[in-house]
Each structure stands twice: as C-alpha cells, then as structure tokens.
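Within every chain, numbering begins at 1; the chains are lettered A, B, ... in the order of the sequence lines, protein sequences first and strands thereafter.
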Amino acid sequence: MLHDDDLEDAPDGADSAGPALMGPASDASGIPADLPTNAELGRLFGEIGDLLEIKGELVFKVVAYRRAADVIAACPVDLASAYLEGKPPRLAGVGQAISDKIDERVRTGRLGFLDRLSAELPLTLVDLLRIPGLGPRTVSQIYRDLGIATLDGLRVAAETGRLRGLRGISARTEQLVLSGIESLALQVQRLRLNEAEERIESIEAILRQAPGVRRVVPAGSFRRRRETIGDLDFLAETDNPAALLERFLAVPRIREVIAQGSHKAAISLRDGPNVDLMIMPPGEAGAYLVHFTGSREHNVRLRARARDLGWSLSEKGFLRIDPETGQALTGPAAERRTMATEAEVYAFLGLPFIEPELREDQGEIEAALAGRLPRLVSLDDLQGDLHSHSGWSDGTEPVEVMAEEARRRGRRYQALTDHTWSLQVANGLAPDRVEEQRGVIAALNARFEAEERAARLGTGRLPDGAAPPGFRLLHGCELEIRTDGRLDYDDDLLARFDLVVASLHVGRRQPREQLTARVLMAIRSPHVDVIAHPSGRKVLRRPDLDLDWDAIYVEAARTGTILEMNGSPDRLDLAVERARRAVAAGCLVAIDSDAHRIRELDDVRWGVSQARRAWVEPDRVVNTWEPERLLAWLAGKEARLIAAGVEPHRQPGAVA
DNA sequence: GCCGTTTTCGGCCCGACTGTTTTCAGTCG
C-alpha cells in the first residue's frame, strides 16, 4: 500500500513537459514580471502595521493596516493582475491610501512607504513581536535604549543580563524572553482540522470528568471550522470552577502553564498548541459562546453594533452605556443583560442567528441585517459521495467493504473512482481491469437490490436492520489528466462509466497557461463530470496549482462541470474563497470524501464545513440531489456542451 | 487609515491576567 505522499509527489518527477517559462525581469513597459501574490501583498501591509505599532503610531492606523492586510491576503481575485488592468476591486478596509500603495508595489516593484519606515526602524524588529509576552512598547524600548533589533541580539542581551536594567524588565522577565525565543525556534505548526479534533476530544473527555461539570464546548476557530487551527479554546459550565481548573492544569503533556486565574487558564502542550479554558457562570453561556467563537473582526462588528444600540457587549453580556460619559455603567447603577443562548444575543442586536462558520466578518453581518443569510448545506443534506477508492487501485479495502460501509452510513449512492492507467504509482487500472471491475460492481448492485426487495417484502433484513430507500454503487474513475493534456482513457471507455472524476497529479509545475489549458480540456470533454481537488494543494504543505481560476469558473459553469470540494482534511480543496467565488460564478460543486479507507468515508463532514464557510447552499451541491436527478445531470454533459456552443474535446483511440 | 441615511470630521471593542508595582501599563485573545 502506497502512502498518499508517494502517490502525490513521486509523479512530480515527470515534470519534464516543456521548459519553465523564464521571462525577462520586466517587459518594455517597465512592469515587473515578478508580480506579488495576494499573500505577499498582505504580508507587506502586515509588516507596515507592525512597524507602525512599534513606532507608537495611532493604534487605529495600525489596526487599519492589519485589517487591510487580512482582506488583501484573503481576496479571491488576483490583485496584482487586477491593478495592472486598472480594475482594482473594492475591498472593505482598503481605502485610497492603501490602494495607492498596492498599485505602486505592483507597477514599480517597490513600496516607498515601507522602505522609508524600515530605514527608520529595522524590519527585523517585527520578529521580536513574535516572542510571547513581548509587545510593541517593550520592543520599541529595547531598540531605542539598547539598539537591539534582531532575535540573536536579543538573546545575547538576555543571556548577559543587559535587559533587566530596562524599566519594567526584571531578571525573571529576561528568562521569559529567553524561553520565548526558544519556543519560537521549535514553534509548532498550526494543526489541521482532524489533528485539532483529536486533541480536543482527548482534553474534553478529561474535563467532563471533573465534578460539577455541566457542559464543555470547544469554541474558537475550531468551532468555526477554519482550515487550520492555532489555539484550542474550551468553554465550560460548572458548579465547581476550582475542581475543573485543577483538572485542566493536570492534563497530560503540559509544557507550561501560561496563565491561571479564578475563571480562566491557559496552557501550552508539549506536542502542540496552546489551550485556553474559560469558565462560564451557569445560564449565561450566550455571550460567552459568541465572544469565544467569532473571529476578532466579527466580534468587533458586534460590539460596535451593541454600542450603537446603547450597550457595551463583552463575554459577560450587555451593560447599558451611560449616555453622558459614553462608558458602560457599572456598580449598583449597572443595567446588565445576560442570555443563555447565542440566538438571544444576536436577537438582542437585532440580528438573526449567524452560523459559527460564517462569523468571520466576510459580509455575514450585512447579510443578516438584510435578511439574506444563506441556508447553509449540512451533513444531513448529503445523499451520497462521488469520490472514493478501493484496493483495486490505492485504497486499502475491497470494493464490497467500501460499498457496505457507505450503505451502512445511510447513503443512497457511493461512487467508486479508482485511479486510471497512467498513474501507475497508485496502481491505476488498465482498460481490461476496468471491464472486470464493472462486473464486480454490477453483481454487488444486483445483490443490494435483491436484499432491499426482500426487506420490503418482509422476507429478509438488511445488515443493520433498517431498510434505506435504496443504495447504488456508481462505477466511476479518477481520470488522470496527463502532462500533455491527454486523458487516460478513450471516449468509448469513458462513455461507459456512471461518472468520471478528472484530476491532475503530474506536471504540477507547468506554467499557468499550460496547466489551465489541461484543466479546460478536461472540462470540455463530453465525459468528464467532476474536476477533483481542483487546486491540487495540500493544507500546510503544498501550494495551489497556478491556474487561471476565473477562466475555469466560467467554463465549468457554462458546461455544468462540477468542481469538487474535497473533504480530506489534508486537502480541503477547493479552498473557501475559491469555492465562494466559484458558486457565485454559477458553478456546481460536489462534497466528496476521497476515501482510501473506511474511516475516511466520514471526511465528507470536513467538506461540508468547508462548504458552509464558503456560504454554499444545498441546491448547488450535486450530491444533495436525489439519485435520479444526479444521474440525469451526469448523462446530459454532451448535450450541455452543444447547447452552450462549446466544441467537445474528444479523446480518440486507445492511449498507452 | 477607514468610514459614513444619525457623521466628509470624529469616531473607531472589551476584559482578564501578569509583572513589577504601590495604582497600573502592557499583553493577549
């Protein structure tokens, strides 16, 4: 059995199709060829924000740069191209000043403001901010009083006792700085969702055993189902806070207790993330859940709205603001409101309930105010799964085991999509094995039908007792798009599958035009129904393919070719911003497991949460459809190509 | 620096914990 890594990475050696595009440093117009990505642009403005903060600039200006940096990095449109074309999109938080700076960076390759700033304050100071406990004021003081601007310099100063002379820094703080630098060096990566879930479940189990505990809720970015998780957050209701905190501070593999109070504590684990525990007074969970679930930006918006309504909002609930002073009233005069549920908190703000996955300040507040929140797809909406593997290629289980497991989960269809011929590293199927596999699947479906018929007649029962409304194993394949754009099977063979899922594992480093052309050819095939894991990325490990995404969305929408939202927590592909844009462009998606073993059949849930973050509604997801509707759609590809005036991409003759 | 059917000027979110203090600033989430 091959590990996924072998499958994904080994064929990259075949990246010999055509030389890399080595253009000149700039063309005749002086426009630099090394256009910055959105992530790089975002990083630049983040650095400006950091430097301004160290400089002691107005905090709102700092916040403005950081907010712009986030918006820029998350923007689904390639900003460099858009600015070059003179069509910069309107982004909330990016005004004239920052827009001009983006334009300058894109056109000239420079950013004068940052250059001037870093002449004043070394850019390396930004690194010092990453040390836990070291904020802008202290960094500024260290630089101005001691001239220290680098991590190395800081370590030497701490080791030789030069820091402790500064105001507010004792010998103990010096030690904290040293261990902080150390922890940076071995800083743990962010966790993928499934890794975060493992740790959360084990800690949650311990907390639940504490006496007096009523409720433990994992909150934070895990509850929002972000792609990667930094810290883990727990909220708890208990009659005995001391006992719960004691239990928390004794979980296995603690590296350090970071903070410890009467109602909250924070620890760091040896093998990973920081963990926060907050204890809620019974019956007041609403504002706590809101506060510790929403992103910082979402919460800022909520509190601003509360303020407009005359209330100050915190995790403790609402406090009436004194109109004279503008301050929250405290003490005996205080008027305080608490709620048991999040829905009540939102209602108090005049908003409908906002699902956790949407709480990112990506337009959900505006949509809530306008009554236009989406009805998000949920796991219960799914009728089936269009992408899975068996031992025939690189899965671990026999076909019948995967099928039985899918049926046991109540699905109405499961597509078996083993790899094709040319992906030999994954044991891809030659055409004769495809024929053989078709027979196996037909026999299985015949057996399932007989069992269901018998169950309906009362003369037999299904393996788990319950009679689902019918289950069908669909015969598909994961069709390799080769380096030259050819597809792995000819049209005659492709036409005989129930569905074809096409994907690209080889030649990943080709230039954008070539990669895009390969995907577009697959989209224009009369037999390709789904583009699987379209970006080819691996979460935290491998970047996206360099594709012309807008061209792909347009053509996928035009031809009714489905884009996959792959639920494997390693992939989560499409990413949220891409999926949101694809659906806005009219594309259909499928939420698939890409299971190679039984337990991975449940990975569709990560695909569902990813789709929810992308505001996807059920009807856009083809595997929420009834089997009849889905099969009719799959059968209609060629007719749609013709209707749309798209020249079908034919794949004639056998290709070896 | 951004933003606006209550504003083109004047706002811009809130509290706990820590460390070094003697009443609070800095940091963090």
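Atom CG of A:L128 and atom P of B:dT27 are 12 Å apart (whole Å). Counting to the nearest Å, the P atom of B:dC13 and the CG atom of A:L319 are 17 Å from each other. The distance from atom CD of A:Q260 to atom P of B:dA16 is 17 Å, rounded to the nearest whole Å. One interatomic measurement links the two molecules: CG of A:N274 to C1' of B:dT27, which rounds to 14 Å at whole-angstrom precision. To the nearest angstrom, C1' of B:dC13 lies 13 Å from CZ of A:F318. In this entry the distance linking OH of A:Y288 with C1' of B:dG29 reads 14 Å, nearest Å. Counting to the nearest Å, the P atom of B:dG29 and the CG atom of A:L289 are 20 Å from each other. As a whole-Å value, the separation of A:M278 CE from B:dG15 C1' is 12 Å.
When the side-chain nitrogen and oxygen atoms of A:K264 are compared with OP1 and OP2 of B:dG29, none of them lie within a distance under 4.0 Å. At B:dC14, one or more side-chain N or O atoms of A:R307 fall inside 4.0 Å of OP1 or OP2 (strictly under the cut-off). OP1 and OP2 of B:dG19 both lie 4.0 Å or more from every side-chain N or O belonging to A:T173. Applying the 4.0 Å criterion to OP1 and OP2 of B:dG19, one finds that A:R137 has every side-chain N and O outside that range. Proximity of A:T138 to the phosphate of B:dT27: a side-chain N or O atom is located under 4.0 Å from OP1 or OP2.
Between A:E284 and A:R336 there is a salt bridge, with a side-chain nitrogen of the basic residue lying less than 4.0 Å from a carboxylate oxygen of the acidic one. A salt bridge links A:E335 with A:R320; the closest basic N to acidic carboxylate O contact falls under 4.0 Å. Look at A:R537 and A:E227 and you find a salt bridge, because one of the NZ, NE, NH1 or NH2 atoms lies within 4.0 Å of a carboxylate O, short of that distance. Taking the charged nitrogens against the carboxylate oxygens, A:D145 and A:R167 have no contact shorter than 4.0 Å, which rules out a salt bridge. With respect to the salt-bridge test (charged N to carboxylate O, under 4.0 angstrom), the residues A:E342 and A:R359 qualify. Under a 4.0 Å N-O distance rule, the pair A:E174/A:R162 does not qualify as a salt bridge. Ion pairing of A:K87 with A:E85 is present here, as a side-chain N (NZ or NE/NH1/NH2) and a carboxylate O approach within less than 4.0 Å.
Pairing of B:dT8, defined by two Watson-Crick or G-U wobble distances under 3.5 Å, is not identified with any nucleotide.
Residue contacts shown for A:A306 are absent, as no nucleic acid heavy atom lies under 4.0 Å away. Here A:D231 lies in heavy-atom contact (under 4.0 Å) with sugar-phosphate atoms only. Heavy atoms of A:S262 sit under 4.0 angstrom from primed sugar atoms or phosphate atoms, though from no base atom.
Comparing A:I98 and A:L313 against DNA chain B, the residue whose closest nucleotide sits nearer the 5' end is A:I98. For the pair A:G168 and A:F292, both in contact range of DNA chain B, the more 5′-proximal nearest nucleotide belongs to A:G168.
A:R296 contributes a side-chain N or O that forms a donor-acceptor pair with the base of B:dG29 under 3.5 Å.
For A:S314, counting side-chain heavy atoms from C-beta on, the closest listed nucleotide (B:dC14, B:dG29, B:dA16) is B:dC14. Of the candidate nucleotides B:dG15, B:dC3, B:dT18, B:dT18 has the atom nearest to the side chain of A:A259. Closest to the A:L176 side chain, of the nucleotides B:dG1, B:dC13, B:dG19, is B:dG19. When distances are taken from the side chain of A:K101 to each of B:dC3, B:dG29, B:dG1, the shortest belongs to B:dG1.
B:dC3 and B:dT7 are spaced 10 Å apart, taking the C1' atom of each and rounding to whole Å. Rounded to the nearest Å, the gap between the P atom of B:dG11 and that of B:dC24 is 25 Å. For the C1' atoms, the distance from B:dG26 to B:dT21 is 13 Å, rounded to whole Å. Across the C1' atoms, B:dT18 and B:dT23 are found 15 Å apart, a figure rounded to whole Å. Of the P atoms belonging to B:dG4 and B:dT8, the separation is 13 Å, rounded to the nearest Å. For the C1' atoms, the distance linking B:dC12 with B:dC17 amounts to 25 Å, nearest Å. For the P atoms, the distance from B:dC2 to B:dT6 is 23 Å, rounded to whole Å.
One side chain, A:D573 or A:S535, offers a donor N or O that lies under 3.5 Å from an acceptor on the other.
Of the candidates A:R296, A:R305, A:R67, A:R67 is the only one forming a salt bridge (Lys or Arg N to Asp or Glu O under 4.0 Å) with A:D361.
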Can you give each donor-acceptor pair under 3.5 Å made by side-chain atoms of residues 191-198 of chain A, sequence neighbours left out, with the distance rounded to 0.1 Å?
unit_1, atom_1, unit_2, atom_2, d
A:R192, NE, A:D570, OD1, 3.0
A:R192, NH1, A:V539, O, 3.4
A:R192, NH2, A:E195, OE2, 3.4
A:E195, OE1, A:R192, N, 2.7
A:E197, OE1, A:R605, NH2, 3.0
A:E197, OE2, A:R605, NH1, 2.8

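A heavy-atom distance below 4.0 Å to DNA chain B is reached by these residues of residues 37-72 of chain A, ordered by number: A:L58, A:F60, A:K61, A:A64, A:Y65.
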